[in-house]
Each structure stands twice: as C-alpha cells, then as structure tokens.
> 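Please find one structure pasted underneath; my questions will follow.
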Amino acid sequence: MQDALRGPHVPDDMTHTLVRRDARGRLVRIEGRPESAALVQMSIDPDRREKAREVIADRTATLRTRLIESVTASEETIETLILGDRAAIQKVSTEIIERIDPDAVRDPLLEPLSAVLSPDETAELKTLTDDYWTAWIDSEKRANQTPAQVEQRLIRSLLLDELRAAYDSSLRPYRDRLDRVNQAVDPTPEQRAALFKIVVRFIATSRLQPTEEQRAALAREIYGALEEPQRIKIFELALSRF
C-alpha cells in the first residue's frame, strides 16, 4: 500500500511533461497510470495531495478486491494463476477485465481526482495526461490501425499491468510460499499435487483474508500430507522465518 501512495517513479528530468524520449527518439514509457505520474509533476496543496493519494490507493484496493472476487469464485482459475502459465494468465486476465471494466475508460482516475483537486490543478492534470496519451498512441501505431483503435489497445494493456500488480500483491506470495515448501520437503509427485490442491482450496475459501482458524486448518492439512522426515523439514523452515 505504501508503494501505491508514493505513486509511480518519474525521472528527475521530466518536468511539466510526462513525454520523455530516449537517445533514439523513442517514447519512454512511464510506470503505472499517467494520472498518478502527472500528480508527481504537479505542485499541489499538501492537503489536496493527500486526498489525491487516497483516491489512487482506493483504486489499487478496488482492483485487488475485484481480482480476488473474480479469481476465488473458481478453483480452476486459481490453479491457472498459481501455475503461472503466461498464455493462460493472459486469457484469465482478459476475462476479468471484461467483467470489472467493460467500458475500458482511458482515464479512470481523472473524475475522482477532479473531486479533490482545484479546477486549475484538474486542468493541468488533464493536459499532462492528454499530452502523454497523444505521444504514446503515436508511438504505438500499427499498419491499418486508427488512433482510436490504438488507444483502446493501450487502455487494455495498461489495465492488464494494473491487474498484474494486483496479482503480485495478492496471489503471487502464495505461489512463492508453496514453492518454498516444495523445495524444503522434496515431495513426491502425488504429494506435490496434494499440496497444490490444499493451497488452492485455502485461497478459495479464505478469499485471501484467512482467519486464524483457517490458517491453523491449512497447517494441519499440509502436515497430514507429509511423512515424518518431511514434517521435520517444514518445522525447520518455519523456524528459519523467526
């Protein structure tokens, strides 16, 4: 959450514009949403800046919640994302986008930010983002594509980036922990499959907000799926995290 409040990194030499080019004249993509990057460039009253940060944090939290709701409704979807197959993840992410943002708004933060910024600040924000989008669309043109078609493609690409960030903060840690368990206990293929199913069920039932009882139940299930020497290794792994 702290990263979301800081906003995307913007190089020091980017002053009053989000458009920056490399030595070959190619547009340098900014990190995150253009609206967030524009705020970094602007001089804003401290109180309004704090409110703007809250708007950005709210969007981050909303996307994470919608991702979790979409994912945890299906154990098959969880399995796809945990396994990390890029083509499958792309397909699932596209389906999620269709559900959570069917209209594909270009500047989803502009309206909520305008409610907390002054009229002049809102105008500056719009100018900075419009200039960046114009340059970005121009740099991404493909044969037989209109600017509107390019814009729609980039809107979806940017939302996919946001969903990946939401995935990294919510589901990926579970995959990493499962990998550590597998490395520690060296499970048989049957045990590996059983552990995977246990974690998938845990994610589906807890919706990534597990209670202490659910955590304890997960520990018991993992313990029951292992042989005694492996249980000792799990205990050693847990102690190593103290």
> Can you name the nearest heavy-atom pair linking Val19 to Tyr132, along with the distance?
CG2-CA, 3.9 Å

> How about Arg164 and Asp161: do any of their side-chain heavy atoms sit closer than 4.5 Å?
yes

> A side-chain contact here means heavy atoms from C-beta on lying under 4.5 Å apart; do Trp133 and Ile155 qualify?
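Yes, at least one pair of side-chain atoms sits under 4.5 Å.
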
> To the nearest 0.5 Å, what is the distance between CG on Asp58 and CG on Leu63?
11.0 Å

> Under a 3.5 Å distance rule, please check whether Arg153 uses its side chain to pair with a backbone N or O of Glu140 as donor and acceptor.
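Yes, because the side chain of Arg153 sits within donor-acceptor range (under 3.5 Å) of the backbone of Glu140.
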
> Quick one: does any side-chain atom of Gln145 pair with a main-chain N or O of Val150 as donor and acceptor, under 3.5 Å?
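Answer holds: no.
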
> Could you tell me the separation between the OG1 atom of Thr65 and the CZ atom of Arg207, rounded to the nearest 0.5 Å?
9.5 Å

> Just by distance, do the side chain of Gln214 and the backbone of Thr211 share a donor-acceptor pair under 3.5 Å?
yes

> Just how far is it from atom CZ of Arg172 to atom CG of Leu81, taken to the nearest 0.5 Å?
12.5 Å

> Can you tell me which residue among Leu125, Leu39, Val55 is in a side chain to side chain contact (heavy atoms under 4.5 Å, CB included) with Leu109?
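Among Leu125, Leu39, Val55, the one that satisfies the side chain to side chain contact (heavy atoms under 4.5 Å, CB included) with Leu109 is Val55.
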
> Using a strict 4.0 Å threshold on nitrogen-to-oxygen distance, state whether Arg231 and Glu228 make a salt bridge.
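Yes, charged N to carboxylate O under 4.0 Å.
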
> Give a yes or no on whether a salt bridge exists between Glu236 and Lys233, defined as a side-chain N under 4.0 angstrom from a carboxylate O.
no

> Is the shortest side-chain heavy-atom distance between Pro187 and Val181 below 4.5 Å?
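Pro187 vs Val181: side chains apart.
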
> For Arg175 and Tyr167, which heavy atoms make the closest approach, and how far apart are they?
NH1-OH, 3.6 Å

> Which of these passes salt bridge (charged side-chain N to carboxylate O under 4.0 Å, His left out) with Arg201: Glu75, Glu221, Glu79?
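Looking at Glu75, Glu221, Glu79, the match for Arg201 under the salt bridge (charged side-chain N to carboxylate O under 4.0 Å, His left out) is Glu221.
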
> Hey, mind stepping through Leu226 and Leu195 against side chain to side chain contact (heavy atoms under 4.5 Å, CB included) and telling me if it holds?
CA-CA 9 Å; Leu226 302 175; Leu195 291 171; 4.3 Å; yes

> Does atom CD of Glu111 have more than 12 heavy-atom neighbours from other groups under 6.0 Å away?
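Counting other residues, nucleotides and ligands, CD of Glu111 stays at 12 neighbours or fewer.
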
> Do you know the tightest heavy-atom contact between Leu159 and Arg59?
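Result for this residue pair: CD1-NH2, 3.7 Å.
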
> Would you name the heavy atoms of Arg33 and Asp107 that are closest together and state the gap between them?
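Heavy atoms of Arg33 and Asp107 come nearest at NH2-CA, 4.3 Å.
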
> Side chains of Ser170 and Leu67, heavy atoms from C-beta outward: is any pair under 4.5 Å?
yes

> If you take all heavy atoms of Gln41 and Leu128, which pair is closest and at what distance?
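In this case the closest contact between Gln41 and Leu128 is CB-CD1, 4.4 Å.
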
> Would you find a donor on one side and an acceptor on the other, under 3.5 Å apart, between the side chain of Gln191 and the backbone of Ala225?
yes

> On a heavy-atom basis, which atom in Ile30 and which in Ala37 lie closest, and how many Å separate them?
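Scanning both residues completely, I find the closest heavy atoms to be CD1-CB, 3.5 Å.
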
> Quick test of your reading of the model: are Arg106 and Asp130 salt-bridged, counting only N-O distances below 4.0 Å?
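Answer for the salt bridge query: yes.
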
